[in-house]
Amino acid sequence: MYSDKVMDHFKNPRNMGEMENADAVGEVGNPVCGDLMYIYIKVKDDKLDDVSFQTFGCGAAVATSSMVTELAKGKTLDEAMNITRKDVADALDGLPPIKLHCSNLAADGLHDAINKYREKQKQ
Ligand code: FES
């Protein structure tokens with residue numbers, strides 16, 4: 001039911017773990033199952049120098065979080081804001097339709113982190 005890429009990112013998640021001294025932390029919750037996802041970012045010269053995640057959710061949620069960190073790393077903040085849920089699902093060679101809404105919050109978490117970072121910069 002899952003693509004090889006989903007299984008790969010689930011079994012070998014990239015950039016997993018809390019980031020010390022993150023510049024901002026995005027937080028999204030899945031209202032359906034109650035699971036939680038955190039995306040940590042470090043910013044340098046308006047680019048995402050480092051991205052990591054912690055996900056308390058199902059395997060597909062782990063895989064989407066892992067993939068979003070890979071897609072976002074090295075991108076400018078504007079580019080990262082343009083990463084969509086669909087980009088994440090496409091990069092994983094698709095998600096089962098039933099899992100699409102359940103698990104694919106990673107892009108939202110990334111955007112939340114960037115918005116929080118930008119808010120902080122304004123202050
Ligand atoms: Fe909770 Fe998938 S079951 S994120």
Q: Is there a chain of hydrophobic side chains (I, L, V, M, F, W, Y, each step under 4.5 Å between heavy atoms) that links I98 to V6?
A: yes
Q: Determine whether I83 and V88 make a side-chain contact, defined as any pair of heavy atoms from C-beta on separated by less than 4.5 Å.
A: yes
Q: Could you pull out all donor-acceptor pairs under 3.5 Å where a side-chain atom in residues 17-24 meets a protein atom, sequence neighbours excluded?
A:
from: D23; atom 1: OD2; to: V43; atom 2: N; distance (Å): 2.7

Q: Could you tell me whether the side chain of I39 reaches within less than 4.5 Å of the side chain of V51, counting heavy atoms only?
A: yes
Q: Please determine, by modelled atom types, if N12 and D8 share a side-chain donor-acceptor pair under 3.5 angstrom.
A: yes
Q: Please determine whether residues Y38 and Y117 belong to a single hydrophobic cluster, defined as Ile, Leu, Val, Met, Phe, Trp and Tyr linked transitively by side-chain heavy-atom distances below 4.5 Å.
A: no
Q: Do any N or O atoms from the side chain of D112 and from the backbone of D108 form a donor-acceptor pair under 3.5 angstrom?
A: no
Q: Side-chain contact, heavy-atom cut-off 4.5 Å: V25 with K116?
A: no
Q: I'd like to know whether NZ of K47 has more than 12 heavy-atom contacts from other residues, nucleotides or ligands below 6.0 angstrom.
A: no
Q: What distance do M81 atom CE and K75 atom NZ have between them, rounded to the nearest 0.5 Å?
A: 14.5 Å
Q: How many angstroms lie between CG in L110 and CE in M37, if you round to the nearest 0.5 Å?
A: 11.0 Å
Q: What closest approach, in Å, do A80 and L48 show between heavy atoms, and which atom pair accounts for it?
A: CB-CD1, 3.5 Å
Q: I'd like to check V68 versus F53 (side-chain heavy atoms, cut-off strictly below 4.5 Å). Are they in contact?
A: no
Q: Is L95 reachable from M7 through a run of hydrophobic residues whose side-chain heavy atoms are each under 4.5 Å from the next?
A: yes
Q: Following the transitive rule for hydrophobic clusters with a side-chain heavy-atom cut-off under 4.5 Å over Ile, Leu, Val, Met, Phe, Trp and Tyr, establish whether M1 and F10 coincide in one cluster.
A: yes
Q: Looking only at heavy atoms, which two atoms of T84 and A107 are closest? And how far apart?
A: C-CB, 3.8 Å
Q: Can you get from Y2 to L92 by hopping between Ile, Leu, Val, Met, Phe, Trp and Tyr side chains that sit under 4.5 Å apart?
A: yes
Q: With sequence neighbours left out, what residues match K73 under side chain to side chain donor-acceptor pair (under 3.5 Å)?
A: N15, D50
Q: Which heavy atom of S66 sits nearest a heavy atom of H9, and at what distance?
A: OG-ND1, 2.7 Å
Q: Can you establish whether the number of heavy atoms outside D4 located under 6.0 Å from its atom CG is more than 12?
A: no
Q: Kindly compute the distance separating CG (L77) from CD1 (I41), expressed to the nearest 0.5 Å.
A: 6.5 Å
Q: Measuring only between side-chain heavy atoms, which start at C-beta, is M16 closer than 4.5 Å to T69?
A: no
Q: Work out which heavy atom in S65 is nearest to a heavy atom in T55; give both atom names and the distance.
A: OG-OG1, 2.7 Å
